[in-house]
Amino acid sequence: MQQQPKHQQHDVIIIGAGAAGLMCAISAGQRQRGVLVLDHARKAGNKIMVSGGGRCNFTNYYVEPNRYLSRNPHFCKSALSRYTQWDFIALVDKHGLPYHEKEEGQLFSDNKSKAILDMMLQEVADAGARLRLKTDVQQITPLPDTAAPYRYQLTVEQNGLKETLHCQSLVIASGGLSMPTMGASGFGYQVAEQFGLTVLPRSAALVPFTLQPEEKELTEPLSGLSTPALLSCEPAKGSKNDKGKPREGMSFNGSLLFTHRGLSGPAVLQISSYWQSGDTLEIDLIPGLDLNEHLKELRQTRPKAELKTILGEHLPARLAKALCEHWFDNTTISELSNVKIEEIANKVHRWQPKISGTEGYRTAEVTLGGIDTDELSSKTMEAKKAPGLYFIGEVVDVSGHLGGFNFQWAWSSGWVAGEVV
Ligand code: FDA
């Protein structure tokens, strides 16, 4: 009589039922692999649910490697080119889900984000993959060669019951550190360290800035107001990147939103991924206009116009009024000397708000840094030092710009791993 194993055996175990883990389950399941997805949260895909302001910005028409930050900017190319935005759009189309382009290629669901999550869960079920929630993974142990083809043993606990699982391939899809209230944990980094993989420093990215108290007099009453702006980040003098080269500056055009704590909005979130403590953030509040020239011209043509009125023609009225209360005197244009006009133009085009920091992982959309891509195969996402162990999604040192790029990385990296696990 054949002896029953004391433990459950699985072809593939995926830890993390987020965007990357679900996609990996679909692609592995479609290859007839026996897949079990484990998650400690009560529900799968929490971040998909809250994404895109409730309408999941699931990908972008213009996915390019230069929309990603990573110590190795080439690493993401292989996965992104093998499971593309068009593949994900085809999946959305197959399910008949309506969507729209918001701006710059950003694709949002017309329905609530739940539609995208339901689609993923349907695909997971159709691929025959199983999902187990509220399950803690307590220990991962490599198995001896004698246990082949099984390579990893997991000790898991669900509802107080401990269990041992064996798998041939183990995929870590546990995401980054942002939004711990949604199930985020440092689990993936700990597993990487356990197997001797380098984990690069992490920080909160796509995150609002907080301002020093002296700036808040201007900004706090403006909370909720947004305006188009050009934001630039000038690296601190002498600051170097992790390859020892001088860091480069970065600029983003987009909406700037004033908040109770400081600054947010798409342009702020984008630049936050490049900003480090000590860097200078510069904001052009009226990009595309030469205010210096404009005011000098108006001094001839509309000398009696008030500064507040002129600024209000290019800025929201509340902001123009606030600037004339906190930064400038609201005089008529005729009263402004050349020097004064230059001062005004300089402040409006080159505002350098005093930043105290960011709101951190509590509100960040992603985590910058993570598992060093040098440790992984860019084709399969398998760890070079630990055969059969894979890392996908946000836990890896690949972070996208705002606009659907992070989900596309999760889909692409999940899919390519699923093709080989
Ligand atoms: P993800 O975080 O999605 O999943 C990880 C899973 O692992 C979770 O289910 C978690 O519970 C589980 N887990 C963690 N630790 C575990 C442990 N110890 N044991 C078991 N399970 C564990 N991107 C985008 O492209 N478009 C958008 O519209 C948005 N919008 C957005 C809004 C908000 C509020 C946030 C916070 C983020 C976004 N993002 C986004 C970013 C996007 O959500 C993110 O990049 C992906 O969800 C990353 O997918 P992963 O599967 O790698 O991690």
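The residues of the chain are indexed from 1 along the displayed sequence. All values below come from the heavy atoms of this structure, side chains included, with hydrogens, waters and symmetry mates left out. Counting starts at 1 for both ligands and their atoms, in listed order.
- Polar contact check, Lys43 against ligand 1: no nitrogen or oxygen pair lies under 3.5 Å apart.
- The nearest heavy-atom contact from the protein to atom 33 (C) of ligand 1 is Glu365 CG, 3.9 Å.
- With salt bridges taken as basic N to acidic carboxylate O contacts below 4.0 Å, none links Arg31 and Glu419.
- Within the 4.5 Å cutoff, side-chain heavy atoms of Tyr274 are placed close to those of Phe252.
- Annotation: atom 15 (N) of ligand 1 to nearest protein heavy atom, Ser185 OG, 2.6 Å.
- Below 4.0 Å from some heavy atom of Gly393 lie the following atoms of ligand 1, by number and element: 52 (O).
- Considering only non-hydrogen protein atoms, atom 12 (C) of ligand 1 sits nearest to Asp39 OD2, 3.2 Å.
- Residues Gln168 and Arg33 bring a donor and an acceptor atom of their side chains to less than 3.5 Å of each other.
- Side-chain atoms of Ser232 and Glu282 form no donor-acceptor pair, as typed in the model, at a separation below 3.5 Å.
- For Val137, the heavy-atom gap to ligand 1 stays at 4.0 angstrom or more.
- For atom 26 (N) of ligand 1, the nearest non-hydrogen atom of the protein is Asn57 O, 2.9 Å.
- Close contacts between ligand 1 and Gly16 involve ligand atoms 6 (C), 7 (O), 12 (C) [criterion: under 4.0 Å to a heavy atom].
- Heavy atoms of Phe187 found under 4.0 angstrom from ligand 1 belong exclusively to the side chain.
- Within the structure, ligand 1 lacks Asn46 among the residues with a heavy atom less than 4.0 angstrom away.
- From the protein, the heavy atom lying nearest to atom 28 (O) of ligand 1 is Gly52 N, 2.9 Å.
- Listed by number with element, the atoms of ligand 1 under 4.0 Å from a non-hydrogen atom of Glu394 are 44 (C), 45 (O), 46 (C), 48 (C), 52 (O).
- Of all the heavy atoms of Met179, the ones lying under 4.0 Å from any atom of ligand 1 belong exclusively to the side chain.
- Checked against the 6.0 Å centroid threshold, Trp409 and Phe405 do not count as a close aromatic pair.
- In summary, Glu343 and Lys347 do not engage in a salt bridge, as defined by a charged side-chain N under 4.0 Å from a carboxylate O.
- Under a 4.0 angstrom heavy-atom cut-off, Ala173 registers as being in contact with ligand 1.
- Contact check on Glu163 versus Arg132 returns a salt bridge, with a Lys/Arg side-chain nitrogen under 4.0 Å from an Asp/Glu carboxylate oxygen.
- The aromatic rings of Tyr61 and Trp86 lie parallel to each other, their planes meeting at an angle below 30°, with 60° marking the opposite boundary.
- For atom 19 (N) of ligand 1, the closest heavy atom belonging to the protein is His40 CG, 3.7 Å.
- Between the side chains of Arg247 and Ser239, at least one donor N or O sits under 3.5 Å from an acceptor N or O.
- At the top of the distance list for atom 53 (O) of ligand 1, counting protein heavy atoms only, stands Gly175 CA, 3.4 Å.
- Heavy atoms of Leu22 found under 4.0 angstrom from ligand 1: none, in either backbone or side chain.
- Taking the six-membered ring for Trp and the full ring otherwise, the centers of Phe195 and Tyr152 sit less than 6.0 Å from each other.
- Closest protein heavy atom to atom 24 (C) of ligand 1: Phe407 CD1, 3.1 Å.
- Some N or O of Ala20 is nearer than 3.5 Å to an N or O of ligand 1, by distance alone.
- Aromatic pair His40/Phe187: centroids not less than 6.0 angstrom apart.
- Residue-ligand proximity, Ala41 to ligand 1, at heavy-atom distances under 4.0 Å covers atoms 11 (O).
- Atoms of ligand 1 lying under 4.0 Å from any heavy atom of Gly18, numbered from 1 in the order shown and given with element: 3 (O), 4 (O), 6 (C), 9 (O), 51 (O).
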Is there a side chain to side chain contact (heavy atoms under 4.5 Å, CB included) between Gln153 and Thr164 once you walk through the steps? CA-CA 7 Å; Gln153 171 173 297; Thr164 305; 3.4 Å; yes
